[in-house]
Amino acid sequence: MIPKVVIVGRPNVGKSTLFNRLVGRRQALVDDQPGVTRDRREAIGKLGDLSFTLVDTAGLEEAAPQSLAGRMLAQTRTAIGQADVILFVFDSRAGLLPADQAFAHLVRKSGKATILVANKSEGKAGAAGALEAYELGFGIPIPLSAEHGEGLAELYDALQSVFDARQSSAESSGPEQQSDAQPARPIRVAVVGRPNAGKSTLVNRLLGEERLLTGPEAGITRDTISVPLAWQGHDFLFHDTAGMRRKSRIEEKVEKLAVSDALDAIRFADVVIVLMDAGHPFEEQDLRIADLVEREGRALVIGMNKWDLKGDARGQAGKLRAEVDHWLPQMKGVPIVALSGQSGEGVDRLMRAVIEAHAVWNRRVPTASLNRWFEDTIAAHPPPAVSGRRLKLNYITQAKARPPSFVIFCTRADAVPEAYLRYLTNALRESFDLPGTPIRITLREKANPYAGRKTRQR
């Protein structure tokens, strides 16, 4: 089993920078201000030939349990409890502070194997601070610069030593059973929406545990957190994202980075759940996000969260269907599910809608059926003449799925009106049961066999 390495330390000592260095890409948000990281974030880390699950945690701060900082501390305590190895990071330039001492005691009580990392040790400025760390009792501190990649060889030796000891202990307890079966690729699902729409609460409800930080404050989530989920024989990888406000309202650098992370989650997802607040549905920003999902070509499911707060909601489902078709005509038939992430009402319906939307997004239409439909559709409503000349649409084929994309071979592709393409798109959606998924139609002109030939003089 791959070991789990957890990075802990007080705020602003460079934990997320070290996380990005070991993961090999900028995955965690990094900024000069302390407290940027809030949720614990996991990824596969590599150092030389070593592979491990790496966990980035929030900076350790003493606080009341019900406060935001207290809930962040609870997440870090959970990560420490699940760790095989702990990287205790401190700022060698600042030296040991009382907060370092307090949380070294917390790590020491866990009894987990701990490696002391003296970060920001480039140059000579951190030498004195590194010497102070001996009093923590975690052994020899490893001087390291996560920003510049210095000291990674020493960190490799320390991790190798701990992993070897762990492997010896595992072998003495008996051989570990390994499966040769390759796991199926999970369905990647991004949960997006405006701030305080209940995205993290919904993911926690699906997981059955308080994996993500939640609370009444808007904008708690900053990093896009990826968590695996198994549901009724299907594997998913859920991405909880930061709430996205209008661009004109975003001023802080950290919020800009968080929104950029959320946009990346949309681009790499298979299915996107746009979560709306049932008390304020179909706000302009909700519609902008849904339109972005369509333009990115992702399958879309709309979740109407906090439905339990509506009171008597009888007869509201039909109105929701009419409203979503009115506001999102480009995604006609998109599934919409009324739910409550707090109570769990409607969550199973949401998961079924995700699976169905993913199946539609992957659907391929046989070429023979497609061209029979194409002939009937054109006969029922021929393309208009442009500049007195008739447009000729020859045949159609599906180029790819994910999303369903079709190529029409025709004459004068640039002259086909946009309205006629919308007619073909809606007809495709209705005839081949493609509700709510983006449909792409590309026009391609057939090569003129007489192009380039000289005209015969009579």
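Any value given below was found using the heavy atoms of this structure, including those in side chains, with hydrogens, waters and symmetry copies removed. We count residues from 1, following the sequence as given.
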Is there a donor in the side chain of Gln75 and an acceptor in the side chain of Arg40, or the other way round, less than 3.5 Å apart? yes
Is a side-chain N or O of Arg10 found less than 3.5 angstrom from the main chain of Asp100, in a donor-acceptor match? no
Checking Asp270 against Arg402 for the salt bridge (Lys or Arg N to Asp or Glu O under 4.0 Å) test, could you report, in this order, the C-alpha distance in whole Å, the side-chain angles of both residues, the deciding distance, and whether it holds? CA-CA 8 Å; Asp270 299 329; Arg402 306 168 63 92; 3.3 Å; yes
What's the separation between atom CG in Leu96 and atom CZ in Phe90, rounded to the nearest 0.5 Å? 5.5 Å
Would the distance check show the side chain of Lys112 and the main-chain N or O of Ile80 forming a donor-acceptor pair, the cut-off being under 3.5 Å? yes
So does Leu212 get a backbone contact from the side chain of Asp39, meaning a donor-acceptor N/O pair under 3.5 Å? no
Could you grab the distance from atom CG of Asp261 to atom NZ of Lys256, nearest 0.5 Å is fine? 15.5 Å
Closest non-hydrogen contact found for Val85 with Ile115 is CG1-CD1, 4.0 Å
Yes or no on side-chain contact (heavy atoms from CB on, under 4.5 Å) for Leu136 and Phe88, after CA distance, side-chain angles and deciding distance? CA-CA 10 Å; Leu136 294 177; Phe88 188 91; 4.1 Å; yes
Compare all side-chain heavy atoms of Arg194 with those of His280 and state whether any distance is below 4.5 angstrom. yes
Glu122 and Arg93: CA distance, side-chain angles, deciding distance, salt bridge (Lys or Arg N to Asp or Glu O under 4.0 Å) verdict: CA-CA 9 Å; Glu122 61 271 21; Arg93 290 174 179 258; 3.7 Å; yes
Heavy-atom donor-acceptor pair, Ser121 side chain to Ala118 backbone, under 3.5 Å: yes
Side-chain ion pair, Asp264 and Arg267, N-O less than 4.0 Å: yes
Going from CG on Leu54 to CG on Leu47, what distance comes out if it is rounded to the nearest 0.5 angstrom? 10.0 Å
Arg211 backbone acceptor or donor facing Glu209 side chain under 3.5 Å: no
Pair Asp91 + Lys120, salt bridge at N-O below 4.0 Å: yes
Leu87 versus Leu18: any side-chain heavy-atom pair under 4.5 Å? yes
Could you walk me through whether Leu292 and Ile266 pass the side-chain contact (heavy atoms from CB on, under 4.5 Å) check? CA-CA 9 Å; Leu292 172 65; Ile266 292 175; 4.0 Å; yes
Applying the salt bridge (charged side-chain N to carboxylate O under 4.0 Å, His left out) test to Glu255, which of Arg245, Arg246, Lys247 qualifies? Arg245
With heavy-atom distances below 4.5 Å as the criterion, would you say the side chains of Phe236 and Ile355 are in contact? yes
Looking at Pro438, is its backbone amide N or carbonyl O close enough to the side chain of Glu294 to form a donor-acceptor pair, meaning the two atoms are under 3.5 Å apart? no
As a quick check of understanding, evaluate salt bridge (Lys or Arg N to Asp or Glu O under 4.0 Å) for Asp277 and Lys306, giving each step before the final call. CA-CA 6 Å; Asp277 187 332; Lys306 307 182 185 180; 3.5 Å; yes
Would you kindly say whether Thr214 and Ser200 are connected by a side-chain donor-acceptor distance under 3.5 Å? no
Are Glu430 and Asn426 linked by a side-chain donor-acceptor pair shorter than 3.5 Å? no
May I ask you to check whether Ser226 and His239 show a side-chain donor-acceptor distance below 3.5 Å? yes
Is the shortest side-chain heavy-atom distance between Lys199 and Leu202 below 4.5 Å? no
Test item: Leu275 and Val192 side chains (from C-beta on) under 4.5 Å apart, heavy atoms: no
Report yes if the side chains of Asp433 and Val360 come closer than 4.5 Å at any heavy-atom pair, otherwise no. no
Please name the pair of heavy atoms, one in Tyr156 and one in Gly48, separated by the smallest distance, quoted to 0.1 Å. CE1-CA, 4.3 Å
Donor on one side chain, acceptor on other, Gln342 and Asp308, under 3.5 Å: no
Heavy-atom count check: over 12 atoms from other residues, nucleotides or ligands less than 6.0 Å from Ile140 CD1? no
Under 3.5 Å, is there a donor on one side chain and an acceptor on the other for Lys46 and Ser51? yes
Criterion side-chain contact (heavy atoms from CB on, under 4.5 Å) against Val89, the qualifying member of Thr17, Leu144, Ile7: Ile7
Between Pro141 and Tyr134, which heavy-atom pair has the shortest distance, and what is it? CD-CZ, 3.7 Å
In the structure I gave you, are the side-chain heavy atoms of Ile302 and Leu328 within less than 4.5 Å of one another anywhere? yes
Arg295 side, atom CZ; Arg288 side, atom CZ - distance, nearest 0.5 Å: 9.5 Å
Would one find more than 12 heavy atoms of other residues, nucleotides or ligands at under 6.0 Å from atom CZ of Arg26? yes
Arg352 and Glu356 ion-paired at < 4.0 Å: no
Met276 vs Asn305, test: side-chain contact (heavy atoms from CB on, under 4.5 Å). Steps then yes/no. CA-CA 6 Å; Met276 300 183 188; Asn305 197 20; over 6 Å; no
Shortest non-hydrogen contact from Leu206 to Val347? CD2-CG1, 3.1 Å
Spell out, as yes or no, whether a donor-acceptor pair under 3.5 Å connects the side chain of Arg41 to the backbone of Ile225. no
Are the side chain of Arg349 and the backbone of Leu339 linked by a donor-acceptor contact shorter than 3.5 Å? no
Within a reach of under 6.0 Å around CH2 of Trp327, are more than 12 heavy atoms found that belong to other residues, nucleotides or ligands? no
Specify the closest pair of heavy atoms between Pro404 and Arg363, including all atoms of both residues, with the distance to one decimal. CG-O, 4.2 Å
Rounded to the nearest 0.5 angstrom, the CG-CD distance for Leu155 and Gln160 is 11.5 Å
Taking Glu42 for its side chain and Val55 for its backbone only, find out whether a donor-acceptor pair lies under 3.5 Å. no
To the nearest 0.5 Å, tell me how far Phe19 CZ sits from Arg25 CZ. 8.0 Å
Run the side-chain contact (heavy atoms from CB on, under 4.5 Å) test on Glu135 and Gln101 for me, step by step, so that the C-alpha distance in whole Å, both residues' side-chain angles and the decisive distance to 0.1 Å come before the verdict. CA-CA 9 Å; Glu135 64 182 81; Gln101 299 277 6; 2.6 Å; yes
So, do Leu237 and Val227 sit near enough that their side-chain heavy atoms are less than 4.5 Å apart? no
Can you tell me if Ser110 uses its side chain to pair, donor with acceptor, with the backbone of Val107 under 3.5 Å? yes
Looking at every heavy atom in both Val293 and Val274, which two are closest together, and how far apart are they? CG2-CG2, 4.2 Å
